[in-house]
Peer 1: 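Structure in C-alpha cells, see below.
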Amino acid sequence: ADSFFPVSSMTAAIEVKQVCKCFGSVCALDHIELDIHEGEFFALLGPNGAGKTTLINVIAGLAIADSGTVRIQGRHVTQQYREARRLLGVVPQELVFDPFFTVREALRIQSGYYGIRKNDAWITEIIERLDLTDKADVNMRALSGGMKRRVMVAQALVHKPPVIILDEPTAGVDVALRQSLWDFIRQLNTAGHTIVLTTHYLEEAEALCNRVAMLKQGKIIALDSMQQLITAMTAGYTLRLRLQPDFLPVVVQEKQTGYHNGLHELKIDAYAQIEAVLAELRQAHIQILEMQLQQPDLEDVFVNLMRHYG
C-alpha cells in the first residue's frame, strides 16, 4: 500500500465544531458537532433532506457555514482551503463529467487541478483497481452510469487523499460493480485512509462502517459505534414459528407480538428464551414446521429513531 499517504494519529481526520448553515428560514445544519478519527470507516445516515450533502459541501469547502469551524487533519477548510482540499477526496452524488475526454484524459486533467505532474503510474493503478482498464481510452459520454460512477471515484483518488468522502457512491450501480467497488474501498481503509460514507443501502453501512451518525432535519440525533447503536435502540429478537396444530400454548402467548402469513411472531430478549419456548411446544405436542430468528439490524435502528424524532 505504498501508493497511499502515511497516516498519523495526532489529529482528527475531520473535525466539525458547532456548524450551522441556513437557507432562508430552513436550517439545513443545526449546531453540528462531529469528530471523525483517522482510519475510521464512518457512516453518515439520514432521510432525504436531513442535511447530509450540505454537511459534505461544508466539509469540502464548497459551501460556507454561517457559523462554526471545520478542519481536515487540522487544516481549516476556509482559511487553509488549498491545504485542506488536497487532504480530501469527494465522490459526489451527481454524475459530473466532461463529455469530451477519455477516462485517462479526465484523470490527467484532474491531477492538473492539484498541480500534480507525471501522475501516470498512479492513474494506471487506479484504473486497474477500479476495473476500468478496458475503458481507459473510451470517451466519458460513451460509458454506462455505473462506469461513470467508477470514474468519479477515480477522480476523487487521483491526488492520493488520506480522507475520502463517498456520497451515495453505489446509487444506480449493479450488484457486481457494487461488490468490486466496496472491495477497493475496503482496501483503501485497511491501508489507513479515513472513509466517510452516505448511503441509502443500510445493509452496506452496517457491513462496512465502525461508527455511525444519524441526521434528521439538520441535527445529529444519534452518534455511536454500529454495535452499540443496534443494541441500545432495538429490544431483543423476533422469533417466527409455523406450527402444527396452529396455536400457541398459553404460557408462550404472552411473548406473541403478531401473526402474519401463518407465522406466529414472538419477541424474545435472549437466546436462552428460545429453548424455553421450544420446551413448551414439545410438552403441548405442537410440531414446528418452520422457524426463523431475526436479529435486530441498522434498519430497525433507523426506523425507530426516525419515528422517535418525528
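Here the structure is a predicted model, which means the values were calculated and not measured.
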Peer 1: Test K267 against T238 for side chain to side chain contact (heavy atoms under 4.5 Å, CB included), laying out the working first.
Peer 2: CA-CA 5 Å; K267 196 56 126 183; T238 301; 3.4 Å; yes
Peer 1: Using only atom types and a distance under 3.5 Å, with no angle test, would you say the side chain of D224 pairs donor to acceptor with the backbone of V212?
Peer 2: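 Checked: no pair found.
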Peer 1: Okay, side chain of R141, backbone of P99: is any donor-acceptor separation there less than 3.5 Å?
Peer 2: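 Side chain of R141 to backbone of P99: a pair is present.
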Peer 1: Are Q18 and H31 packed together at the side-chain level, in the sense that at least one heavy-atom pair is separated by less than 4.5 angstrom?
Peer 2: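 Result yes, sub-4.5 Å side-chain heavy-atom pair found.
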Peer 1: Applying a strict under-4.5 Å side-chain criterion to I, L, V, M, F, W and Y, I'd like to know whether F184 and I123 cluster together.
Peer 2: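 Yes, one cluster joins them.
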Peer 1: List the atom of D35, the atom of V16, and the distance in Å for their closest heavy-atom pair.
Peer 2: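 Nearest pair, atom of D35 first, then V16: OD1-N, 4.2 Å.
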Peer 1: Can you tell me if S144 and R149 form a side-chain donor-acceptor pair at under 3.5 Å?
Peer 2: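 Side-chain D/A pair, S144 to R149: absent.
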Peer 1: Is any side-chain heavy atom of P249 less than 4.5 Å from a side-chain heavy atom of L281?
Peer 2: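 Heavy-atom side-chain distance check passes, below 4.5 Å.
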Peer 1: Rounded at 0.5 Å granularity, tell me how far CZ in R211 sits from NE2 in H37.
Peer 2: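 Result: 4.0 Å between the selected atoms.
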Peer 1: Measure the spacing between CD of E83 and CZ of R71 and express it to the nearest 0.5 Å.
Peer 2: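 Going from the CD atom of E83 to the CZ atom of R71 covers 12.0 Å.
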Peer 1: What distance do M140 atom CE and F100 atom CZ have between them, rounded to the nearest 0.5 Å?
Peer 2: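 Going from CE on M140 over to CZ on F100, the span is 12.5 Å.
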Peer 1: If only side-chain N and O atoms count, and only distance matters, is there a donor-acceptor pair under 3.5 Å linking D137 with T102?
Peer 2: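 Distance-only check fails for T102 and D137.
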Peer 1: Measure the CG-CD1 distance between L44 and I56 for me, rounded to the nearest 0.5 Å.
Peer 2: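 Reported to 0.5 Å precision, the distance equals 6.0 Å.
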Peer 1: Contact between I116 and R86 at the side-chain level, heavy atoms closer than 4.5 Å - yes or no?
Peer 2: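 Counting from C-beta outward, I116 and R86 do come under 4.5 Å.
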Peer 1: Using side chain to side chain contact (heavy atoms under 4.5 Å, CB included), reason through L248 and L266 one step at a time and then give a plain yes or no.
Peer 2: CA-CA 10 Å; L248 285 174; L266 311 178; 3.7 Å; yes
Peer 1: Determine whether more than 12 heavy atoms belonging to other residues, nucleotides or ligands lie under 6.0 Å from atom OH of Y113.
Peer 2: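 Count not over threshold, so no.
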Peer 1: Could you tell me whether D120 and R108 make a salt bridge, using a distance below 4.0 angstrom between a side-chain N and a carboxylate O?
Peer 2: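 Looking at R108 together with D120, the answer is yes, because their closest N to O distance falls below 4.0 Å.
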Peer 1: Working to the nearest 0.5 angstrom, can you tell me the gap between E40 CD and L197 CG?
Peer 2: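 It is 12.5 Å, given to the nearest 0.5 Å.
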Peer 1: Are L55 and K21 side-chain neighbours, meaning at least one heavy-atom pair lies under 4.5 Å?
Peer 2: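 Contact flag for L55/K21 side chains = no.
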Peer 1: Which pair of non-hydrogen atoms, one from I220 and one from E33, has the smallest distance, and what is that distance?
Peer 2: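 It is CD1-O, 3.7 Å.
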Peer 1: Do R186 and D183 come close enough that some side-chain heavy atom pair is under 4.5 Å?
Peer 2: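 Yes - at least one pair of side-chain heavy atoms lies under 4.5 Å apart.
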Peer 1: Before accepting this row, confirm whether a basic side-chain N of the pair D167/K52 lies closer than 4.0 Å to the acidic partner's carboxylate O.
Peer 2: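 Salt bridge between D167 and K52, a charged N being under 4.0 Å from a carboxylate O: no.
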Peer 1: Linking I/L/V/M/F/W/Y whenever their side-chain heavy atoms sit closer than 4.5 Å, directly or via other members, would V138 and I127 fall into one cluster?
Peer 2: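 Both belong to a single hydrophobic cluster.
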Peer 1: Atom CG in L293, atom CG in L241: separation rounded to 0.5 Å?
Peer 2: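 L293 CG to L241 CG: 10.0 Å, rounded to 0.5 Å.
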Peer 1: Would you say N210's side chain and F41's backbone share a donor-acceptor pair under 3.5 angstrom?
Peer 2: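 Yes, N210 side chain to F41 backbone: donor-acceptor pair under 3.5 Å.
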Peer 1: With the 4.5 Å side-chain cut-off for hydrophobic clustering, are I286 and I288 part of the same group?
Peer 2: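 Yes, I286 and I288 fall within the same hydrophobic cluster.
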Peer 1: Given the rule in the side chain to side chain contact (heavy atoms under 4.5 Å, CB included) test, do V58 and V77 qualify, once you have shown the distances and angles that lead to the verdict?
Peer 2: CA-CA 8 Å; V58 169; V77 294; 5.5 Å; no
Peer 1: Indicate if L95 and I164 have the same hydrophobic cluster label, given that clusters are the connected sets of ILVMFWY residues with side-chain heavy-atom separations under 4.5 angstrom.
Peer 2: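 Same cluster: L95 reaches I164 through Ile, Leu, Val, Met, Phe, Trp or Tyr contacts under 4.5 Å.
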Peer 1: Ignoring hydrogens, what is the shortest heavy-atom contact between Q256 and Y259? Give both atom names and the distance.
Peer 2: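 Taking Q256 first and Y259 second, the nearest heavy atoms are NE2-CB, 3.8 Å.
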Peer 1: Evaluate the criterion side chain to side chain contact (heavy atoms under 4.5 Å, CB included) for residue pair I274 and I268; output intermediate values, then yes/no.
Peer 2: CA-CA 7 Å; I274 298 173; I268 58 167; 3.3 Å; yes
Peer 1: Check for a donor-acceptor pair, side chain of Q80 on one end and backbone N or O of H76 on the other, with a separation under 3.5 Å.
Peer 2: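 It does hold such a pair.
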Peer 1: Is there a side-chain contact between Q292 and L239, using heavy atoms and a 4.5 Å cut-off?
Peer 2: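 No - every pair of side-chain heavy atoms lies 4.5 Å or more apart.
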Peer 1: Any donor-acceptor pair under 3.5 Å linking the side-chain atoms of H159 with those of N119?
Peer 2: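 No - no donor-acceptor pair under 3.5 Å links their side chains.
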Peer 1: Answer yes when E275 and R282 have at least one side-chain N-carboxylate O distance shorter than 4.0 Å, and no when they do not.
Peer 2: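 Between R282 and E275 there is a salt bridge, with a charged N closer than 4.0 Å to a carboxylate O.
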Peer 1: Are more than 12 heavy atoms, taken from residues, nucleotides or ligands other than K17, located less than 6.0 Å from that residue's NZ atom?
Peer 2: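 Counting other residues, nucleotides and ligands, NZ of K17 exceeds 12 neighbours.
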Peer 1: Quick check: do F42 and I165 have side-chain heavy atoms less than 4.5 Å from each other?
Peer 2: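 When only atoms from C-beta onward are counted, I165 and F42 do not touch, as no gap falls below 4.5 Å.
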Peer 1: C22 and C27: which non-hydrogen atoms are nearest, and at how many Å?
Peer 2: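 Smallest heavy-atom distance, with atoms named: SG-SG, 3.1 Å.
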Peer 1: Closest approach of S180 and R150, non-hydrogen atoms and distance?
Peer 2: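 It is OG-NH2, 2.5 Å.
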Peer 1: Establish whether Y114 and V163 are linked, either directly or via other cluster members, by ILVMFWY side-chain heavy-atom contacts under 4.5 Å.
Peer 2: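 Cluster IDs for Y114 and V163 differ.
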Peer 1: Show the nearest heavy-atom pair for residues W122 and L157, with the distance to one decimal.
Peer 2: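 Looking at all heavy atoms of both residues, the closest pair is NE1-O, 3.0 Å.
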Peer 1: Would you call I14 and L34 a side-chain contact if the rule is heavy atoms closer than 4.5 Å?
Peer 2: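 Contact flag for I14/L34 side chains = no.
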